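All values reported here derive from a predicted model rather than from experimental measurement. All ligand and atom numbering here is 1-based and tracks the order in the structure.
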Amino acid sequence: MSREQDDMLRRGIGMTSQRTRERLIQRLYEEGVSNPKVLEVIRRTPRHLFVDEALAHRAYEDTALPIGHNQTISQPYMVARMSELLLEAGPLDKVMEIGTGSGYQTAVLSQLVERVFSVERIKVLQDRAKERLVELNLRNVVFRWGDGWEGWPALAPYNGIIVTAVATDVPQALLDQLAPGGRLVIPVGAGEVQQLMLIIREEQGFSRRVLGAVRFVPLLNGPLA
Ligand code: SAH
């Protein structure tokens, strides 16, 4: 028995979980997620391991859930949609993620691209996320405890950047760290008024696509112990 199956049984989720997982995939598909690789990765990634045990029974609902520290694990639809947008023009080798949180989006990305560089400002969340990825044997991820407004300049440029918290403006450092042709998927705005944006580094300048209203926790300032 795999560790994952063992874990599911131990928590009494068992077969129900497999059915609810299939239902989630069906729902994402109906809502317009069409990249089969993304759907497959979401199907096989055990989201219940990324939330508190008390919330595990809700892990396959298409909803954000609290992970402590006023933060949330992103809604599966958002994780799928943002991953699909990143991959729309073909495979990516170097992707930076801002806002590791539970590590769920990190885990999904790590199965879709060569390498993930994930930045988080809350140390305890990052440590827990690291442990989960090791448990799942997802080893192509490196973590940085720091401020996402600054990105991770030492390892730039990136072919893709994904931000999982809403920024009041697009951080200049992230634009600077995009490779030519690189893609940045980021929610921009404040409070109730937030738009998901796709920004691409063109030969000259940047193109921008607005993809619709979203709801994220804010991109805050500075690292936190
Ligand atoms: N993708 C994560 C979402 C977590 S919520 C998941 O599915 O679990 C957003 C995360 O962004 C939080 O963990 C929050 O601490 C982090 N964050 C907010 N501002 C940040 C900043 N300036 N730099 C790095 N991380 C930040």
Side-chain angles (χ1 to χ4, degrees), residues 24 28 38 41-42 45-52 55-56 58-86 95-113 116-133 135-136 138 141-156 158 160-175 177 184-191 194 196 214-225:
L24 172 63
L28 298 182
V38 171
V41 166
I42 297 216
T45 304
R47 189 169 183 255
H48 65 277
L49 301 185
F50 291 82
V51 295
D52 263 9
L55 287 171
R58 299 190 57 197
Y60 301 98
E61 291 176 17
D62 188 22
T63 176
L65 293 168
I67 55 170
H69 308 269
N70 285 323
Q71 305 304 321
T72 54
I73 181 172
S74 305
Q75 181 193 2
Y77 173 78
M78 262 310 134
V79 172
R81 184 75 190 111
M82 290 170 87
S83 304
E84 182 171 83
L85 285 166
L86 270 184
V95 172
M96 174 164 65
E97 174 188 50
I98 307 296
T100 316
S102 67
Y104 176 66
Q105 168 88 68
T106 324
V108 168
L109 278 176
S110 79
Q111 298 170 77
L112 291 165
V113 306
V116 181
F117 303 83
S118 190
V119 181
E120 169 61 53
R121 69 184 280 277
I122 301 179
K123 187 84 168 73
V124 287
L125 286 180
Q126 173 167 72
D127 289 343
R128 189 69 196 95
K130 261 189 207 169
E131 287 169 14
R132 291 182 176 118
L133 268 77
E135 273 170 39
L136 293 170
L138 300 171
V141 181
V142 283
F143 296 90
R144 173 181 157 97
W145 176 44
D147 184 358
W149 283 95
E150 293 166 14
W152 193 340
L155 301 179
Y158 306 94
I161 302 178
I162 181 170
V163 183
T164 70
V166 63
T168 45
D169 296 292
V170 179
Q172 183 60 42
L174 301 188
L175 294 174
Q177 289 167 37
L184 166 62
V185 179
I186 180 170
V188 182
Q194 305 181 7
L196 187 63
V214 287
R215 194 72 194 263
F216 281 86
V217 295
L219 189 69
L220 301 171
N221 284 308
L224 194 76

Taking every non-hydrogen atom, the tightest pair across [X] and [Y]:
X	Y	answer
Gly160	Leu86	CA-CD2, 4.0 Å
Tyr77	Leu28	CA-CD2, 3.5 Å
Gly191	Arg215	O-NE, 4.2 Å

- [ ] Rounded to the nearest 0.5 Å, what's the gap from CZ on Arg121 to CG on Asn221? Could you check?
- [x]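 Rounded to the nearest 0.5 Å, the CZ-CG separation comes to 7.5 Å.
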Closest protein heavy atom (residue, atom, distance) for [atom]:
atom	answer
atom 5 (S) of ligand 1	Thr72 O, 3.1 Å
atom 14 (C) of ligand 1	Gln71 OE1, 3.3 Å
atom 23 (N) of ligand 1	Gly148 N, 2.7 Å
atom 11 (O) of ligand 1	Gly99 CA, 3.3 Å
atom 9 (C) of ligand 1	Thr164 O, 3.5 Å
atom 19 (N) of ligand 1	Leu220 N, 2.9 Å

Could you tell me whether the side chain of [X] and the main chain of [Y] form a donor-acceptor pair under 3.5 Å?
X	Y	result
Glu120	Gly101	yes
Arg47	Tyr60	no
Gln105	Ser83	no
Thr100	Gln126	no
Tyr158	Trp152	yes

For ligand 1, which atoms, with element, lie under 4.0 Å from some heavy atom of [X]?
X	result
Trp149	22 (N)
Gly146	23 (N), 24 (C)
Gly101	4 (C), 8 (O), 13 (O)
Val217	5 (S), 9 (C)
Gln105	1 (N)
Ser102	6 (C), 7 (O), 8 (O)
Ile73	6 (C), 7 (O), 8 (O)
Ser74	1 (N), 2 (C), 3 (C), 6 (C), 7 (O)

Task: Closest to atom 15 (O) of ligand 1 among Arg144, Arg121, Glu120 (heavy-atom distance) - done: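 Looking at heavy atoms only, Glu120 sits closest to atom 15 (O) of ligand 1.
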- [ ] Begin from the C-alpha positions of Ser102 and Gln71 and carry the test side chain to side chain donor-acceptor pair (under 3.5 Å) through to its verdict.
- [x] CA-CA 9 Å; Ser102 67; Gln71 305 304 321; over 6 Å; no
Task: Within-shell test, Thr100 vs ligand 1, heavy atom, strictly < 4.0 Å - done: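 The answer is yes, since Thr100 has a heavy atom less than 4.0 Å from ligand 1.
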Task: Close approach, Ala64 and ligand 1, non-hydrogen under 4.0 angstrom - done: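 Under 4.0 Å: no for Ala64.
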- [ ] Check step by step if salt bridge (Lys or Arg N to Asp or Glu O under 4.0 Å) holds for Glu84 and Arg81.
- [x] CA-CA 5 Å; Glu84 182 171 83; Arg81 184 75 190 111; 3.0 Å; yes
Open item on the list: I need the contact type for Thr106 against ligand 1. Using non-hydrogen atoms and a strict under-4.0 Å cut-off, is it side chain, backbone, both or neither?
Closed with: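 Looking at Thr106 and ligand 1, no heavy atom falls under 4.0 Å.
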- [ ] Using distance alone, determine whether Asp147 and ligand 1 share an N or O pair under 3.5 Å.
- [x]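 Yes.
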Open item on the list: Using a strict threshold of under 4.0 Å (side-chain N to carboxylate O), is an ion pair present between Glu131 and Arg128?
Closed with: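 Answer for the salt bridge query: yes.
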